[in-house]
Amino acid sequence: MWDALWIGGRLATMADARAAPYGAIEDGAVAAKDGKIAWLGARHELSGPAESLARTVHRLDGRWLTPGLIDCHTHLVYGGDRAREFEQRLEGASYEEISRAGGGIVSTVQATRAADEDTLTAAAKRRLLTLLAEGVSVVEIKSGYGLDLENELKQLRVARRLGEDLPVTVRTSFLGAHAVPPEYKDRSDGYIDAVVAMIPAVAASGLADAVDGFCENIAFSAAQTARVFEAARAQGLPVKLHADQLSDLGGAALVARYGGLSADHLEYTSEAGVAALAKAGTAAVLLPGAFYTLRETKQPPLEALRKAGVPIALASDSNPGSAPLTSLLLTMNMACTLFRMTPEEALLGVTRQGAKALGLGASHGTLEVGKAADFAIWDIEHPAELAYRMGFNPLAGAVKAGTARGTV
Ligand code: DI6
Ligand code: FE
């Protein structure tokens with residue numbers, strides 16, 4: 001006997017796009033037991049009447065059911081906001097200029113250090129609920145606005161707590177190498193020494209699932225990033241990287257060399273960088289919300305990534321500076337309109353490929369037997385609608401680990 005069974009809907013399994021676009025099964029059925037998918041297929045393949053097979057039967061009435069969405073790159077936990085900086089940019093200042101003048105990430109660091117855990121949790125919870133209302137069931141959350149051990153751990157604890165309080169799987173990344181904090185101004189190597197020294201304590205805390213960095217002219221060099229990756233490797237933590245967002249410092253090739261989970265941004269990534277990602281099996285994570293906000297013009301090498309067979313994930317990059325965005329549906333729309341991804345690639349980017357980018361490919365991201373029973377149920381006629389509209393939310397319900405949670 002299954003715990004629950006959903007019938008009468010259309011399934012976008014995202015598992016085998018060769019069989020049908022979106023891996024679709026018309027008039028499908030999916031069953032959950034102990035939080036996992038126990039069975040799925042066409043309804044006529046069920047071995048008996050629905051009521052005899054599961055304790056609870058849900059009727060989808062022709063709606064579409066997809067894997068729960070995955071936002072694999074966010075900075076959801078932070079203090080304050082940067083609305084004033086938005087005004088400065090509209091008055092002509094660039095992101096880099098604001099950053100060099102002590103604004104940007106560093107101003108969020110000050111606000112995050114000053115905030116206690118309850119304040120940070122309450123603010124991040126509102127943002128996370130907004131993501132959940134659009135069917136998100138897995139989210140990655142980075143530190144990187146503490147920039148000392150105590151405040152980085154504070155951010156990571158808040159991230160873990162969000163995963164305990166809400167029906168969402170939270171994966172965390174330690175982003176100590178995000179910016180040089182004010183107390184290390186003009187001593188970035190000294191700060192990297194400090195980050196390297198933090199990593200054993202971060203690993204011992206169990207609060208970080210991965211280590212991230214920002215390899216960029218306004219942040220850290222490839223050599224400095226490599227030192228952080230060596231320290232992560234020594235603790236057995238996987239790595240990922242903000243790579244080639246504003247310039248090509250070879251970040252994609254660097255994170256590939258360490259067998260990283262993902263290389264994120266990639267606007268300036270070269271052909272050699274793409275080849276390195278393909279060879280290492282490192283996922284690309286495209287972040288059109290940051291591209292849009294910063295009015296970038298250099299496109300990520302989508303065609304080269306496709307040709308090389310690199311898994312292409314998509315994420316919101318939700319953060320107070322370069323992507324004040326808490327919508328994965330709008331992210332999908334931006335990926336299509338700005339980067340010319342197809343709606344199917346966009347949905348793959350926030351399901352199957354998003355799972356890969358988090359190292360969760362075996363347990364999440366597609367509708368397949370044995371994977372988590374994390375679903376989003378949509379009032380749509382075709383899955384392309386998810387990327388097509390802007391500012392419209394067709395979520396009809398969501399299921400986390402087999403439990404229906406309605407619309408959040
Ligand atoms: N790249 C980003 O997109 C964010 N961090 C990073 O390294 C921006 C963070 C911020 O501006 O606060
Ligand atoms: Fe980011």
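Whatever order the structure lists them in is the order used to number ligands and atoms, beginning at 1. The basis for the numbers below is simple: all heavy atoms, side chains too, and nothing from hydrogens, waters or symmetry mates.
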Answer yes when E117 and K125 have at least one side-chain N-carboxylate O distance shorter than 4.0 Å, and no when they do not. no
Give me the residue, atom name and distance of the protein heavy atom closest to atom 1 (N) of ligand 1. H242 CD2, 3.2 Å
So for T108 against ligand 1, with non-hydrogen atoms under 4.0 Å, the contacting part is neither
The closest protein heavy-atom partner of atom 11 (O) of ligand 1 is Y95 OH, 2.5 Å
Would you check if there is a donor-acceptor pair between the side chains of K240 and S173 at a distance under 3.5 Å? yes
Crowding at CZ, F339 (>12 non-hydrogen neighbours, <6.0 Å): yes
Do other residues, nucleotides or ligands put more than 12 heavy atoms under 6.0 Å from R340 CZ? no
Would you mind running through ligand 1 and noting each atom that sits below 4.0 Å from a heavy atom of S322? 2 (C), 3 (O), 4 (C), 8 (C), 11 (O)
For atom 12 (O) of ligand 1, what is the nearest protein heavy atom, given as residue, atom name and distance? Y145 OH, 2.6 Å
Tell me whether G104 reaches ligand 1 (any heavy atom closer than 4.0 angstrom to a ligand atom). no
How far is atom 3 (O) of ligand 1 from the closest protein heavy atom, and which atom is that? D317 OD2, 2.7 Å
Shortest-distance N/O/S atom, H242 versus the Fe ion (ligand 2): NE2
Please determine if E91 and R89 form a salt bridge, counting it only when a charged side-chain N lies under 4.0 Å from a carboxylate O. no
Would D317 count as a contact for the Fe ion (ligand 2), in the sense that one of its N, O or S atoms lies under 2.8 Å from it? yes
Basic-acidic side-chain contact under 4.0 Å: R227, E230: no
In terms of atom number and element, which parts of ligand 1 are under 4.0 angstrom from non-hydrogen atoms of H178? 4 (C), 5 (N), 6 (C), 7 (O), 9 (C)
Within the 4.0 Å heavy-atom shell around H265, which atoms of ligand 1 are there? 1 (N), 2 (C), 3 (O)
Using 2.8 Å as a strict upper limit, say whether an N, O or S atom of H73 approaches the Fe ion (ligand 2) that closely. yes
A student checking ligand 1 against H75 at a 4.0 Å heavy-atom cut-off should list atoms 4 (C), 5 (N)
Does the ring center of H265 lie less than 6.0 Å from the ring center of F214? no
Do K298 and Y268 form a cation-pi contact, if we require the NZ or CZ to be under 6.0 Å from the six-membered ring centre and within 45 degrees of the ring's axis? yes
Ligand-side contact atoms (ligand 1) for residue partner R82, heavy atom cut-off under 4.0 Å: 10 (C), 11 (O), 12 (O)
What donor-acceptor contacts under 3.5 angstrom involve side-chain atoms of residues 282-293, with partners at least two apart or in another chain?
| from | atom 1 | to | atom 2 | distance (Å) |
| --- | --- | --- | --- | --- |
| T282 | OG1 | G260 | O | 2.8 |
| T293 | OG1 | G289 | O | 2.7 |
| T293 | OG1 | S322 | O | 3.2 |

Which one holds for Q245 and ligand 1: side chain close, backbone close, both close, or neither close, with close meaning a heavy atom under 4.0 Å? side chain
Contact between ligand 1 and E216 is defined here as a heavy atom of the residue under 4.0 Å from a ligand atom; is it met? no
Can a salt bridge be assigned to the pair R160 and D209 using a cut-off of 4.0 Å between side-chain N and carboxylate O? yes
